[in-house]
Amino acid sequence: MNFAPGQIPLLGWSRKQWEDWLTDHDCSPVHATSLIRGIHRHGETDPERIDSIPQTVRSDLCGRTECTLPDVVESSRARDGTRKWLLRLTCGNVVEMVLIPARGRATLCLSSQAGCALGCTFCRTARSGFERNLSAHEIVSQLWLVRHRLQPDIPVTHVVFMGMGEPLANLGAVAGAADLLRDSHAYSLGRRQVTVSTAGLIPGIDRLRKVADVSLAVSLHAPDDALRTQLMPINARYPIDDLLAACRRYAAGRARKHKIIIEYVLLDGVNDHPECARVLAQRLRGLPCKVNLIPFNAFPGGGYAASPEPVRSRFREILCEEGIVATTRRPRGDDIAAACGQLAGDIQRSREHRPWIGHAIPVHRSQPAASGAMV
Ligand code: SAH
């Protein structure tokens with residue numbers, strides 16, 4: 001967000017940033033806890049109203065904080081209870097977030113960038129090109145909005161960075177947001193309740209390992225470099241062996257039971273042959289991981305189709321026979337275009353039906369109507 005210089009972005013500051021600020025202003029850093037509790041736990045946007053901090057701190061903060069929230073442009077609810085919100089940020093960029101309630105848990109899928117620069121060929125977000133990184137404030141404001149304004153009755157138990165964008169290309173903001181998601185006085189989520197999903201930015205994986213304690217999901221989608229580079233151009237820079245080595249380093253620095261999630265979207269006739277499953281299993285052998293098979297969600301002009309159910313089942317069986325834990329992700333919210341790969345279509349519809357949304361989309365966009373996010 002475009003905050004005035006010197007303004008504190010209220011939802012984006014981590015404990016460390018508050019502590020440093022308090023110390024610089026001759027106040028005790030212990031008040032960071034009250035600030036974080038007031039803002040994130042109790043939903044306060046005006047530090048003047050946080051009674052548990054001393055009046056001197058409140059006066060020092062007076063006029064120095066800013067808490068601009070995204071506009072909720074559209075909201076929809078699927079038959080299965082999945083909720084989707086289209087958010088317009090202050091600079092006009094539009095992102096989406098999805099809340100997926102399921103037995104005893106509710107997963108919020110956050111966006112970390114408007115658009116994406118990586119160009120994966122099966123992903124609709126890629127078609128919008130890259131617009132900009134979200135700030136930590138903008139990332140956290142998605143959860144803050146759900147918790148304090150949009151859906152306070154549904155406690156968010158899991159957060160996944162699987163919305164728009166490549167989180168490891170915006171690591172500073174994502175790590176700052178992850179700090180708050182994990183902070184016991186803010187959202188208090190466990191390491192297995194926060195998942196960062198990446199297309200495979202190796203330096204980002206190595207850095208994430210050092211700056212955040214969260215789960216890692218890697219979008220692999222192919223068992224060999226030739227096919228993966230075809231689907232995900234980033235593979236030319238960070239090929240599979242190097243990527244899996246980075247996954248091993250990540251897992252080695254974690255608790256013993258920690259597993260990397262390997263995401264694999266099944267594309268009809270492209271990466272779903274039984275031989276692909278066998279090669280995949282061989283490559284993953286020895287890596288503490290579980291494979292999450294994602295049924296492809298087709299979109300107009302996407303050029304791919306979803307693998308039929310029997311092919312998906314056989315693929316999973318082969319992985320299991322080879323000793324790899326594999327599950328199939330159930331598409332959620334597809335009737336409101338909230339499942340993987342469907343969100344872009346919804347923005348397009350919104351823009352067609354509501355021309356006033358159009359001004360929120362930057363004019364330098366190279367292709368028409370194509371933001372989008374995956375869940
Ligand atoms: N940039 C991150 C987050 C992307 S979204 C990453 O690449 O991991 C989360 C998942 O949805 C990724 O695994 C992505 O490859 C997948 N995905 C993208 N388009 C899809 C589609 N049309 N159908 C199903 N899954 C898709």
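When a residue number appears, it is its place in the shown sequence, counting from 1.
In this structure, W85 has no ring-ring contact (aromatic ring centres under 6.0 Å, His included) partners at least two apart in sequence or on a different chain. For Y264, the ring-ring contact (aromatic ring centres under 6.0 Å, His included) partners are F315, not counting sequence neighbours. Residues passing the ring-ring contact (aromatic ring centres under 6.0 Å, His included) test with H31, sequence neighbours excluded: none. Applying the salt bridge (charged side-chain N to carboxylate O under 4.0 Å, His left out) test to D241 and every residue at least two apart in sequence or in another chain returns R283. The ring-ring contact (aromatic ring centres under 6.0 Å, His included) test applied to H25 returns W21, not counting sequence neighbours. Evaluation of the salt bridge (charged side-chain N to carboxylate O under 4.0 Å, His left out) rule for R285 yields E322 as partners, not counting sequence neighbours. Checked against salt bridge (charged side-chain N to carboxylate O under 4.0 Å, His left out), R149 has no partners two or more places apart in sequence or in another chain. Every residue two or more places apart in sequence or in another chain that forms a side chain to side chain contact (heavy atoms under 4.5 Å, CB included) with K290 is listed here: K259, I261, V325. Considering only residues two or more places apart in sequence or on other chains, E275 meets the salt bridge (charged side-chain N to carboxylate O under 4.0 Å, His left out) condition with R278.
The structure places CG of L89 at 11.0 Å from CG of L69, a figure rounded to the nearest 0.5 Å. Taking CG of L35 as the reference point, atom OG of S52 lies at 7.5 Å (rounded to 0.5 Å). Note that the CD1 atom of I294 and the OG1 atom of T328 stand 10.5 Å from one another [nearest 0.5 Å]. To the nearest 0.5 angstrom, S14 atom OG is 7.0 Å from I36 atom CD1. One distance of note links CG of N133 with CD of Q113; it measures 5.0 Å at 0.5 Å rounding. The CG atom of D60 sits 11.0 Å away from atom CG of D24, with the distance rounded to the nearest 0.5 Å.
Hydrophobic clustering keeps I318 apart from V291 (ILVMFWY residues linked when any side-chain heavy atoms are closer than 4.5 Å, directly or through intermediates). Note: the hydrophobic cluster containing L243 does not contain V279 (ILVMFWY, side chain heavy atoms under 4.5 Å, direct or indirect links). A continuous path of ILVMFWY side-chain contacts below 4.5 Å connects L134 to I8, so both sit in one hydrophobic cluster. Under a hydrophobic-cluster definition in which Ile, Leu, Val, Met, Phe, Trp and Tyr are linked whenever side-chain heavy atoms come within less than 4.5 Å, directly or via other members, V311 and F122 are assigned to different clusters. If you chain together hydrophobic residues whose side chains sit under 4.5 Å apart, V265 and F299 fall into the same group.
Distance alone, capped at 3.5 Å, is enough to place a donor-acceptor pair between the S215 side chain and the R191 backbone. Side-chain atoms of D179 do not come within 3.5 Å of backbone N or O of A212 as any donor-acceptor pair. Side chain of D272 to backbone of G269: a donor-acceptor contact under 3.5 angstrom is found. For the pair R124 (side chain) and G302 (backbone), a donor-acceptor distance under 3.5 Å is absent. Of the possible polar contacts, one joining the R182 side chain to the L189 backbone as a donor-acceptor pair under 3.5 Å is found. For the pair H137 (side chain) and T68 (backbone), a donor-acceptor distance under 3.5 Å is present. Using modelled atom types, no side-chain atom of E131 and backbone atom of G115 make a donor-acceptor pair closer than 3.5 Å. Side chain of N271 to backbone of L267: a donor-acceptor contact under 3.5 angstrom is found.
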Give every donor-acceptor pair under 3.5 Å between a side-chain atom in residues 222-231 and any protein atom, sequence neighbours left out.
unit_1	atom_1	unit_2	atom_2	d
D224	OD1	A226	N	3.1
D224	OD1	L227	N	2.9
D225	OD1	N235	ND2	3.0
D225	OD1	I240	N	2.9
R228	NE	L220	O	2.9
R228	NH1	N235	OD1	2.8
R228	NH2	A199	O	2.8
R228	NH2	S219	O	2.7
T229	OG1	D225	O	2.8
T229	OG1	N235	ND2	2.9

Determine, stepwise, if the pair E263 / R329 fulfils salt bridge (charged side-chain N to carboxylate O under 4.0 Å, His left out). CA-CA 9 Å; E263 295 168 283; R329 186 181 296 174; 3.1 Å; yes
Going through the checks in order, is the side-chain contact (heavy atoms from CB on, under 4.5 Å) test met by L168 and V196? CA-CA 8 Å; L168 296 189; V196 171; 3.8 Å; yes
Please evaluate residues V72 and L86 with respect to the criterion side-chain contact (heavy atoms from CB on, under 4.5 Å), reporting the C-alpha separation (whole Å), side-chain torsions for both, the decisive distance (0.1 Å), and the verdict. CA-CA 6 Å; V72 178; L86 183 67; over 6 Å; no
Steps toward salt bridge (charged side-chain N to carboxylate O under 4.0 Å, His left out) verdict (R132, E138): CA-CA 12 Å; R132 70 171 175 89; E138 288 170 321; 2.9 Å; yes
Are I262 and N292 close enough, and set up right, to give a side-chain contact (heavy atoms from CB on, under 4.5 Å), and what steps lead you there? CA-CA 6 Å; I262 300 292; N292 197 198; over 6 Å; no
Are V218 and I260 close enough, and set up right, to give a side-chain contact (heavy atoms from CB on, under 4.5 Å), and what steps lead you there? CA-CA 7 Å; V218 171; I260 309 289; 4.2 Å; yes
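Between E317 and R312, none of the side-chain N atoms (NZ, or NE/NH1/NH2) sits under 4.0 Å from a carboxylate O, so this pair counts as no salt bridge. The pair R58-E48 fails the salt-bridge criterion, with no side-chain N (NZ, NE, NH1 or NH2) lying under 4.0 Å from an Asp/Glu carboxylate O.
Pairs engaging residues 195-210 under the salt bridge (Lys or Arg N to Asp or Glu O under 4.0 Å) rule: D206-R209, D206-R249 [sequence neighbours left out]. The ring-ring contact (aromatic ring centres under 6.0 Å, His included) contacts involving residues 140-185 comprise W144-H148, where partners must be two or more places apart or lie in separate chains.
The side-chain contact (heavy atoms from CB on, under 4.5 Å) with Q142 is formed by just one residue from the set L150, L87, V159, L99; it is L87.
Between H258 and Y250, the angle of the ring planes lies from 30° to 60°, which puts this pair in the tilted group.
Residues S197 and V160 have side chains not in contact (no heavy-atom distance under 4.5 Å, counting atoms from C-beta outward). Side-chain atoms of Q55 and V57, non-hydrogen and from C-beta on, never get closer than 4.5 Å to each other.
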